Amino acid sequence: MVYNDFFKSNNNDYIGTIEPVGDDIVNINIISSLTRNISYCVTLPGSFGGERFSVSDDGDLVASAVYSDYGKGKVSIYSNKEKKVIFETALFKRIDWIDFYNLSVVMIGEKNKTHIYNFVDNICETQNNYRVFNNLFNGDIILHKENVLLINGKKIKSKTFSFFNPVGVPDGVIISEIGGAVLKYSYEANKEWELNIEKYGHALKIYYFESKNILILDVFDYLKGGSTFMIVDNETGKILKLNRFESNKYIFIPQGNGYIIDYKSNVYYIDENYNCFFLMS
């Protein structure tokens, strides 16, 4: 099986795969990250690209979004327990991203605003923030603008035109600059370290592997193509290992000893020396 793209639940228990099958129509597989077995499949309206798909932490709910330059976009929420779409709205237009906040609230990104939508009670609150990220360790991570990170009421500006994909760790926030460095800030907004990865590309995704206290960086080489799977020490910001992948279509799951699934359904694990080894297909 070949996967076109991935997404996962905030608690890492479920993986979603996306296969476009028509204009703004996709097939979605929901996979248990513990067993790596497909839990269920569903076909929904959704625009491939961006981050317009999300799965809830219990694996039951899937949210998808359609981006529209003209007319209205659409948000759909499917429940596997009820075997049907339980919520739809066309209130929004250019939907850039969508993410479950909890089992009754979904966050929707439209231009420079974040809509906090309680789809059970049909209540929507709008924030003037570019994006809000669910943090497992210490409150939400807020990108006030594309290039402004907000921590503890303090604004931190990127040295490049935009930040990308922050992730929470027990003692701070890790964030990357597009075309720049990867940085760590404490929850008091103090810079702990800075890692320049410009010669490798920029970090499209950052994963935190708590049991080893390491960071997994998906670093895309925008000049040569391909991707570097970079392992970084969370405490020091030092590179521990570089592994080369032919594509950036993979996802890291920090369950058990940790593993990687690539777009060809191959599974890899990381050994004690941070090497990536093929496990199964």
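When reading the values below, keep in mind they use all heavy atoms of this one structure, side chains included, and skip hydrogens, waters and symmetry mates. Owing to the predicted nature of the structure, the values given are computational and were not obtained by experimental measurement.
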Using 30° and 60° as the class limits, which term best fits the ring planes of [X] and [Y]: parallel, tilted or perpendicular?
X      : Y      : result
Phe209 : Phe252 : perpendicular
Phe119 : Phe100 : perpendicular
Phe92  : Tyr117 : perpendicular

Would you find a donor on one side and an acceptor on the other, under 3.5 Å apart, between the side chain of [X] and the backbone of [Y]?
X      : Y      : value
Asp262 : Ser265 : yes
Asp271 : Asn273 : yes
Ser47  : Tyr67  : yes
Asn134 : Tyr101 : yes
Glu146 : Phe161 : no
Asn129 : Val132 : no

Consider only side-chain heavy atoms of I, L, V, M, F, W and Y, link residues closer than 4.5 Å, and tell whether Ile174 and Ile141 are in one cluster.
yes
Legend entry - Joint hydrophobic cluster, Val120 plus Leu61, side-chain heavy atoms closer than 4.5 Å: yes
| Lys8 atom NZ, neighbour heavy-atom count above 12 within 6.0 Å | yes
- Should the heavy atoms of other residues, nucleotides or ligands under 6.0 Å from CD1 of Ile123 be counted, would the total exceed 12? yes
Tell me yes or no: between the side chains of [X] and [Y], is some donor less than 3.5 Å from an acceptor?
X      : Y      : answer
Asp218 : Ser227 : yes
Asp99  : Ser54  : yes
Asn27  : Thr43  : yes
Asp13  : Asn11  : yes
Asn213 : Asn234 : yes
Asn112 : Lys145 : no

Rounded to the nearest 0.5 Å, the CD1 atom of Ile197 sits from the CD atom of Glu177 at a distance of 9.5 Å
So CD of Glu188 and CD1 of Ile151: to nearest 0.5 Å the spacing works out to 9.5 Å
**Report entry** Check ion pair Arg131-Asp96 (N to O, under 4.0 angstrom)
**Finding:** no
Taking the ring of Tyr187 and the ring of Phe137, is the distance between their centroids below 6.0 Å?
no
_Tyr268 ring center within less than 6.0 Å of Tyr250 ring center_ = no
